[in-house]
There are 2 protein chains.
Amino acid sequence: MGQKPITFIRQVLACCAYPALLQSMAIPADVKKRAEEILHDCGGRSVGAYTPSPGIECIRKHCAEYITRRDGIPTDYENIVISAGTTEGIRNVLKLFVNTQGNRKVGIMIPIPQYPLYSATLDEFGLGQVRYYLDEDNMWGLNIQECERALNESKGKYDTKAICVINPGNPAGQVLTRRNIEEIIRFAHKHNLVILADEVYQDNIFDEKSKFFSFKKVMLDMGGEYKDQELVSFYSVSKGYMGECGLRAGYIEFMNIDPEVYQMFNKMISAKLCASALGQAALDCAVNPPKPGEPSYDLWYKEKTGILKSMAERARMVKEAYGALEGIECNPVQGAMYAFAKINLPQKAIEEAKRRNVQPDFFYGMEMLEATGICTVPGSGFGQKEGTYHFRTTILPQTNLMKEMLERFKPFHDKFMKKYK
Amino acid sequence: MGQKPITFIRQVLACCAYPALLQSMAIPADVKKRAEEILHDCGGRSVGAYTPSPGIECIRKHCAEYITRRDGIPTDYENIVISAGTTEGIRNVLKLFVNTQGNRKVGIMIPIPQYPLYSATLDEFGLGQVRYYLDEDNMWGLNIQECERALNESKGKYDTKAICVINPGNPAGQVLTRRNIEEIIRFAHKHNLVILADEVYQDNIFDEKSKFFSFKKVMLDMGGEYKDQELVSFYSVSKGYMGECGLRAGYIEFMNIDPEVYQMFNKMISAKLCASALGQAALDCAVNPPKPGEPSYDLWYKEKTGILKSMAERARMVKEAYGALEGIECNPVQGAMYAFAKINLPQKAIEEAKRRNVQPDFFYGMEMLEATGICTVPGSGFGQKEGTYHFRTTILPQTNLMKEMLERFKPFHDKFMKKYK
């Protein structure tokens, strides 16, 4: 999408891959130092060796230090497991809930709309989807009555064991308030549910009134019985300002998980050997970036803030552009990388879609793609309240392309709405 | 283990990670050309972008060309899927056999001894292990009567659908003869079994009388009904002369697989997004190394042959050293990276192990580790004929270390045997 990679990350990767570069005058001293530190913890000082299954030790320690800095809470690196991306991490954690001996299927609560990795993996693993609907009228927040309803209705069918929360949200771009997070923690604790907190967009906060709070911090701040709540949190180099999806790395933090379960988790991942050593090196740079005064700091800071500022601008652009269109309602993009806009499709368009045997929002999206070349994802791919229709766009295209996109979007939309009025 | 990485691979990785190096005078022209070719097929010309789930297109094409050169058989790159290492690849393929609707459990034939990924994954996926024993007296070859026995005995319990073959073998270091491969193909065809050919050690042939034949080549040479045999083959950058385990990449080739099954496989892996783009770049260098006349060729050739020659020397060393010891019998290490030696443990040692509540070969291995610092893997970890005991050693330590290891081994072994005689 045209986002430039962070130079520091790429220089460290190059040195780790080809250590002859450690002699190069063109590579900053802190890059070399970082690469040497990582290589020191690799077998034979090489990224070609298998790493320990939970990850390279100094990188796990840097992840723990990152969390400590973020939340002001001491963190034990032994609770950190590096994964080959958060997709892999979430799948491995969901596997823990599979119970082939039980007489009832295990259920997992997932938000609707949700990133479809969850629904697909639950189906693949034979786990039940317990769907709770996000509250579009309240900035896509979690309504605890709705969570109670979903859990309650699932009782005949499933033994529900966990609740997944995506914050900041994919696809809805919401950032949960601290109060909302507290409610969710109380809900999970009351019903003895593990919280799976997908927090991969924690660096992507665009709304000035929003702030990212980790479930861990809120839980420990609440204290008392809540500080023993079982929690698993996910982080990824694919998101934030890094955008290094192709390198496949993230970390998982486990809190208050039964030691026997955690041991079983580590046994399970050991059969899969390890995540890419170079992906892990990129994760190291993300959780432990250059510090003020170090040679790479200024460039790193400029690149990072440039990317995040530009994303924030595009988040505003998208919201404004959609807000000005008749028949579209869109919450502000508070965080993550997406707008999830509601389209009030005319009855005739819904009928036309039915005639073509496709979902109405899929029909709208395909018409848009064919008329303008703009690719969106229909809301039906993420789930939505019955009778409502949405589409997801990403704010990732660079500003000029984004402008052009929005300029092409408007005439298509007006024409479509007019045609099916 | 001290094996030096191949310079060409690491230079290409460095350029892909940090394309500013494409301007460097210190990087050979063919390295730059290769990195540019790979980046051209990456989204936004960056290894930071998700790649297509089956892999970067030009790399899949290079895999197909590699197979064509190896076997003299045209190969369609659309049948190639790049995986995040062969562990991931084998797991994904085994998943295809899970049948939750059937009234009988699906069985998969696996060799004994076997690399325990197979047994662990079958257990995890709820698939049945149909164990056939390799013939230690015939260089760990496959005895078809033994395969018939295993399949036949499984019939009451399982609906057996596939046979896994590891060639060259892990842990036994055997290289199957062409005639043996033909027999296996006839057996699989007769019983309508998919062949899963774990051929990751195809470059590691040390015995002068042995030669690697791919199942694909033998099958197509046999022709007739056999050319439609269902076959899946695996290749990895972790083995061969590359030894790039930490980069996590390999490929899978599918042959004669039902198009609907293959489509489902591709749908399934799309939920996991993709393998590391840098791992894929390393795979590219392995399947498409420098050619004579190119700037990197001489160094690449020297490094490659140096590694393989040294491994061959160590394979001989191990066999000779073990052969000279009383109470140890060891087939020659024809290929792969392992010796799997039989120990004729004295009855008293077996009793002592029982007293300690451990397997006899585990007891022997632990005593060795404590007395000498030498780490081996007991045969019971791979499976073995009842009443026989083995240990696996790798030939990966560099020659000097290997010599030292064997010098330390002998006095321990002699003392152990004497103690429990």
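- Looking at A:Leu21, only its side chain comes within 4.5 Å of chain B, counting heavy atoms on both sides.
- Residues satisfying the ring pair (Phe, Tyr, Trp, His ring centres under 6.0 Å) test with A:Phe97, not counting sequence neighbours, are none.
- Counting heavy-atom pairs closer than 4.5 Å to chain A, the top residue among B:Ile9, B:Leu13, B:Leu273, B:Val98 is B:Leu273.
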Return one line per donor-acceptor pair between chain A and chain B under 3.5 Å, naming both atoms and the distance rounded to 0.1 Å.
{"residue": "A:Arg10", "atom": "NH1", "partner": "B:Ala17", "partner atom": "O", "Å": "2.8"}
{"residue": "A:Arg10", "atom": "NH2", "partner": "B:Ser46", "partner atom": "OG", "Å": "2.8"}
{"residue": "A:Gln11", "atom": "NE2", "partner": "B:Tyr18", "partner atom": "OH", "Å": "2.8"}
{"residue": "A:Ala17", "atom": "O", "partner": "B:Arg10", "partner atom": "NH1", "Å": "2.8"}
{"residue": "A:Tyr18", "atom": "OH", "partner": "B:Gln11", "partner atom": "NE2", "Å": "2.8"}
{"residue": "A:Ser46", "atom": "OG", "partner": "B:Arg10", "partner atom": "NH2", "Å": "2.8"}
{"residue": "A:Gly48", "atom": "O", "partner": "B:Cys245", "partner atom": "N", "Å": "2.8"}
{"residue": "A:Gly48", "atom": "O", "partner": "B:Gly246", "partner atom": "N", "Å": "2.8"}
{"residue": "A:Tyr50", "atom": "OH", "partner": "B:Lys239", "partner atom": "NZ", "Å": "3.2"}
{"residue": "A:Lys95", "atom": "NZ", "partner": "B:Glu124", "partner atom": "OE2", "Å": "2.9"}
{"residue": "A:Glu124", "atom": "OE2", "partner": "B:Lys95", "partner atom": "NZ", "Å": "2.9"}
{"residue": "A:Lys239", "atom": "NZ", "partner": "B:Tyr50", "partner atom": "OH", "Å": "3.3"}
{"residue": "A:Cys245", "atom": "N", "partner": "B:Gly48", "partner atom": "O", "Å": "2.8"}
{"residue": "A:Gly246", "atom": "N", "partner": "B:Gly48", "partner atom": "O", "Å": "2.8"}
{"residue": "A:Gly246", "atom": "O", "partner": "B:Ala277", "partner atom": "N", "Å": "2.8"}
{"residue": "A:Arg248", "atom": "NE", "partner": "B:Cys274", "partner atom": "O", "Å": "3.0"}
{"residue": "A:Cys274", "atom": "O", "partner": "B:Arg248", "partner atom": "NE", "Å": "3.0"}
{"residue": "A:Ala277", "atom": "N", "partner": "B:Gly246", "partner atom": "O", "Å": "2.8"}

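- In this structure, the portions of A:Leu247 lying under 4.5 Å from any heavy atom of chain B include both its backbone and its side chain.
- The greatest number of non-hydrogen atom pairs below 4.5 Å with chain A, out of B:Ala26, B:Gly48, B:Cys274, is found for B:Gly48.
- Neither the backbone nor the side chain of A:Ala20 comes within contact range of chain B; no heavy atom of the residue lies under 4.5 Å from a heavy atom of that chain.
- Only the backbone of A:Cys16 comes within less than 4.5 Å of a heavy atom in chain B; its side chain stays farther off.
- Counting heavy-atom pairs closer than 4.5 Å to chain B, the top residue among A:Ala120, A:Ala49, A:Ala271 is A:Ala49.
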